[in-house]
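For clarity, every value in this text was computed on a predicted model and none was experimentally measured. Numbers restart at 1 for each chain; the letters A, B, ... are given by sequence-line order, proteins then strands.
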Amino acid sequence: METVEAALIERCRRGDAEAFGDIVRAYAGRATGAAMLLLGNHDDALDASQEAFVRAWRNIRRLKCNRAFYSWYCTILRNVCLDRLRRRARRKTVDLPDDHPDPAENTGPGTLAEKNEQTERVWNAVTMLPLNHREIIVMSHFQEMSYKEMAEALGIPIGTVMSRLYHARQRLREMLEKDRP
Amino acid sequence: MSCEEFKPMMMAYIDDELPDEDRKRFERHLEGCQSCKRELSEFGSLKEELAMVKFTEPTDAELEHYWRSVYNRLERGLGWILFSAGAIVLLCYGAFVLLEEVIRDPNVALAVKIGVSALIVGAVVLFVSLLRERLAIRKSDKYSREVER
């Protein structure tokens, strides 16, 4: 863990909300973007990423000293998102444009930095992947998590991370190939 | 090893997660396998395409707004805890006083005494049952496990 972050975490453990504010500001963009890819709805993504930060703050003492904040936060965020997706499925809300969001529709944290045909095509393909493939692509490419971190977050062995990643990328490749102009 | 067995290893190779020994083994396989070499190159292109998708860097104003929303939730959480604790204490005290007065008062009809007692005991049973359920859920809750990792 970086020294600056370690110092901030230590201050958070002592109840310093301003230190937590620095951490939140550092990761807000990435966190909302990842939630956006998982949930497919900008407002929901903002809300979920904020809820995950609240949970992280309440449990900050449980963060082990040798673990980076962001990878720990990602496991919380993933569960918040999955919980919301499950609730959505229970409510059977078919009227929401959840699975296929238009990346050009929103601005602000969690949206595409460079909007062009190619990036929007990739973005759309990722959001159309099945959930187990989407989450591993998000973790690997957009959260920049290591295999060890992904294995911890998903509760699976590293070998399974590799094979799931292979199938997810293969599926994504096929989708992009089919959609190529 | 067959190509199928090398495929998951291909991911770790692209992501630079392969130990030296496996890397060498995989590279030796690549030298003699055109199919894996082609697939590796296609996965490499995919990685480049994915790298082009980047999230917007939020402006200072957006970050401040974001943090304010998180902070408000933290504050509200504490407010709810205090509010709930206060409400529980007052309700318990009120229920106890009411029960005591109703039971001791000889002018209150027996039916009212039984009704009030049943109401209060029922409320306590419901509260304890809900509390127990919440604690059981918390024990098996994935969040509490995740945050421990």
Could you state whether [X] and [Y] fall into the same hydrophobic cluster, counting links through intermediate Ile, Leu, Val, Met, Phe, Trp or Tyr residues with side-chain heavy atoms under 4.5 angstrom apart?
| X | Y | answer |
| --- | --- | --- |
| Leu99(B) | Val121(B) | no |
| Leu98(B) | Ile114(B) | no |
| Ile88(B) | Phe83(B) | no |
| Met11(B) | Ile156(A) | yes |

For the residue pair Phe142(A) and Phe55(B), categorise the inter-ring angle as parallel (less than 30°), tilted (30 to 60°) or perpendicular (more than 60°).
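Tilted, since the angle between the ring planes falls between 30° and 60°.
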Side chain to side chain contact (heavy atoms under 4.5 Å, CB included) between Leu46(A) and Tyr66(B): does it pass, once the steps are laid out?
CA-CA 8 Å; Leu46(A) 266 176; Tyr66(B) 187 95; 3.7 Å; yes
Checking heavy atoms, do the side chain of [X], its backbone, both or neither come under 4.5 Å from chain B?
| X | answer |
| --- | --- |
| Leu37(A) | side chain |
| Val126(A) | side chain |
| Ser71(A) | neither |
| Glu177(A) | neither |

With chain A as the partner, which of Arg73(B), Arg68(B), His65(B), Glu64(B) has the greatest number of non-hydrogen pairs under 4.5 Å?
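So the answer, after comparing Arg73(B), Arg68(B), His65(B), Glu64(B), is Arg73(B).
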Among the listed options Val70(B), Ile14(B), Asp60(B), the residue most often paired with chain A at heavy-atom distances under 4.5 Å
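Answer, by heavy-atom pair count under 4.5 Å with chain A: Val70(B).
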About how many Å separate CZ of Arg30(A) and CD of Glu57(B), when rounded to the nearest 0.5 Å?
10.0 Å
Spatial distance of atom OG (Ser163(A)) from atom NZ (Lys7(B)) [nearest 0.5 Å]
13.0 Å
Return the option, out of Arg58(A), His167(A), Arg173(A), with the maximum number of heavy-atom pairs under 4.5 Å with chain B.
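Counting heavy-atom pairs under 4.5 Å, the top option is Arg173(A).
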Heavy-atom pair count under 4.5 Å with chain B, highest-scoring of Asp47(A), Leu165(A), Ile137(A)
Asp47(A)
Give every residue pair that meets the ring pair (Phe, Tyr, Trp, His ring centres under 6.0 Å) criterion with at least one member in residues 89-117 of chain B, sequence neighbours excluded.
none
Evaluation steps, side chain to side chain contact (heavy atoms under 4.5 Å, CB included), between Glu18(A) and Trp67(B):
CA-CA 10 Å; Glu18(A) 271 315 306; Trp67(B) 163 237; 4.1 Å; yes
For residues 15-51 of chain B against chain A, heavy atoms under 4.5 Å, the residues are Asp15(B), Glu17(B), Glu39(B), Glu42(B), Phe43(B), Leu46(B), Lys47(B), Glu49(B), Leu50(B)
Working note: Met162(A) + Met9(B), criterion side chain to side chain contact (heavy atoms under 4.5 Å, CB included); need CA distance, chi angles, decisive distance, verdict.
CA-CA 7 Å; Met162(A) 288 197 273; Met9(B) 211 184 257; 5.5 Å; no
Gly29(A) to Pro58(B) - nearest heavy-atom pair and separation:
CA-CG, 3.8 Å
